Engineer: 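Here it is: the structure, laid out below.
What you see is a predicted model, and the numbers here were worked out from it, not measured in a lab.
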Amino acid sequence: KIIKISPLSKNIAGIISYEIELEPDESARDYLKHGLSASLNITIADTVNVLYIPVQSVYEEDGKSFVDLLVGEMEVKKTEITTGNYNYDYVEIKSGLSEGDIVILSSLEAAEDESSEGPFQMMR
């Protein structure tokens, strides 16, 4: 059980961490030693079989979320979406997109000015 989470983070070699205090259940008490430290992954949400896209492809206007969807070869359609869980890299799409849709991560104008290795990326 988590008892306390420090409000201040520590940045050590680019890794952000927070000190926490735990109260272990009885079965774990024999394994723990004084001064022991550990790294933990705490799952706060678990989603499976969901549609997700890079978080940088989503933008907000008037409190609504949108993406730019590629329609045809060079036509972009602003599309409203409903999002769900997210992390630093990806956001879950609850509605507004379907599997196989192509989401634009940067403008088509930038793509025309850059080579195929430029900033233009599409996510299927």
Side-chain angles (χ1 to χ4, degrees):
K1 179 178 175 182
I2 297 174
I3 303 299
K4 180 181 175 184
I5 300 175
S6 172
L8 301 174
S9 64
K10 291 183 180 180
N11 184 340
I12 301 172
I15 298 173
I16 307 298
S17 63
Y18 293 84
E19 287 191 15
I20 63 172
E21 289 183 25
L22 301 173
E23 181 180 312
D25 62 22
E26 288 297 323
S27 65
R29 291 184 192 271
D30 291 338
Y31 299 101
L32 300 177
K33 307 296 181 211
H34 179 73
L36 180 71
S37 64
S39 294
L40 301 173
N41 290 322
I42 301 172
T43 302
I44 57 172
D46 187 24
T47 55
V48 293
N49 297 323
V50 298
L51 183 63
Y52 63 92
I53 60 175
V55 71
Q56 72 265 24
S57 63
V58 179
Y59 58 95
E60 290 190 14
E61 291 180 5
D62 299 323
K64 296 179 181 180
S65 296
F66 295 92
V67 295
D68 290 330
L69 189 63
L70 184 65
V71 181
E73 288 189 30
M74 293 298 282
E75 182 182 340
V76 176
K77 178 183 174 189
K78 179 179 174 179
T79 305
E80 184 177 353
I81 59 170
T82 303
T83 61
N85 289 323
Y86 60 91
N87 63 19
Y88 294 109
D89 300 315
Y90 298 100
V91 61
E92 175 186 5
I93 303 301
K94 291 190 170 243
S95 67
L97 293 177
S98 299
E99 186 174 352
D101 285 347
I102 300 173
V103 174
I104 306 298
L105 298 180
S106 61
S107 71
L108 286 176
E109 292 79 20
E112 292 172 347
D113 295 338
E114 298 288 332
S115 69
S116 62
E117 297 174 26
F120 179 66
Q121 298 177 1
M122 294 186 291
M123 184 73 179
R124 286 186 184 259

Engineer: With the side chain counted from C-beta on, respond yes when T79 and D68 share a heavy-atom pair under 4.5 Å apart, and no when they do not.
Structural biologist: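 T79 vs D68: side chains apart.
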
Engineer: Scan for salt bridge (Lys or Arg N to Asp or Glu O under 4.0 Å) pairs involving residues 49-61, sequence neighbours excluded, and state none if there are none.
Structural biologist: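 As it turns out, the salt bridge (Lys or Arg N to Asp or Glu O under 4.0 Å) pairs with a partner in residues 49-61, which skip direct neighbours, are E61-K78.
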
Engineer: Can you check whether I104 reaches L69 side chain to side chain, under 4.5 Å on heavy atoms?
Structural biologist: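 Counting from C-beta outward, I104 and L69 never come under 4.5 Å.
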
Engineer: If I take atom OG1 from residue T47 and atom OH from residue Y52, how far apart are they, to the nearest 0.5 angstrom?
Structural biologist: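 If we round to the nearest 0.5 Å, T47:OG1 and Y52:OH are 9.5 Å apart.
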
Engineer: Pick out which of D101, L97, L105 makes a side chain to side chain contact (heavy atoms under 4.5 Å, CB included) with I53.
Structural biologist: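 The side chain to side chain contact (heavy atoms under 4.5 Å, CB included) with I53 is passed solely by L97 among D101, L97, L105.
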
Engineer: Running the 4.5 Å side-chain criterion over Ile, Leu, Val, Met, Phe, Trp and Tyr, what cluster does F66 land in, apart from itself?
Structural biologist: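 Result for F66 is Y59.
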
Engineer: Just how far is it from atom OG of S57 to atom CD1 of I93, taken to the nearest 0.5 Å?
Structural biologist: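 Here the interatomic distance stands at 7.0 Å.
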
Engineer: With a cutoff of under 4.5 Å between side-chain heavy atoms, which Ile, Leu, Val, Met, Phe, Trp and Tyr residues group with L32?
Structural biologist: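 Via sub-4.5 Å side-chain contacts, L32 links to L36.
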
Engineer: When hydrophobic residues are tied together by side-chain contacts of less than 4.5 Å, even through go-betweens, does Y86 share a cluster with I81?
Structural biologist: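 Y86 clusters together with I81.
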
Engineer: Taking only residues at least two apart or on different chains, which pairs with a member in residues 79-95 satisfy salt bridge (Lys or Arg N to Asp or Glu O under 4.0 Å)?
Structural biologist: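 Qualifying pairs: none.
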
Engineer: Work out which heavy atom in V71 is nearest to a heavy atom in K77; give both atom names and the distance.
Structural biologist: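 Heavy-atom minimum between the residues: CG2-CB, 3.7 Å.
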
Engineer: In Å, rounded to the nearest 0.5 Å, how long is the span from CG of L51 to CG of N49?
Structural biologist: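 CG of N49 is found 11.5 Å from CG of L51.
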
Engineer: Give the table of side-chain donor-acceptor pairs shorter than 3.5 Å for residues 16-26, with sequence neighbours excluded, one pair per line with atom names and distance.
Structural biologist:
{"unit_1": "E19", "atom_1": "OE2", "unit_2": "K10", "atom_2": "NZ", "d": "2.6"}
{"unit_1": "D25", "atom_1": "OD1", "unit_2": "S27", "atom_2": "N", "d": "3.4"}
{"unit_1": "D25", "atom_1": "OD1", "unit_2": "S27", "atom_2": "OG", "d": "2.9"}
{"unit_1": "D25", "atom_1": "OD1", "unit_2": "A28", "atom_2": "N", "d": "3.3"}
{"unit_1": "E26", "atom_1": "OE2", "unit_2": "R29", "atom_2": "NE", "d": "3.1"}

Engineer: Check which hydrophobic residues are tied to I3 through side-chain heavy-atom contacts below 4.5 Å, counting indirect links as well, and list them.
Structural biologist: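 Members besides I3: none; it forms no cluster.
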
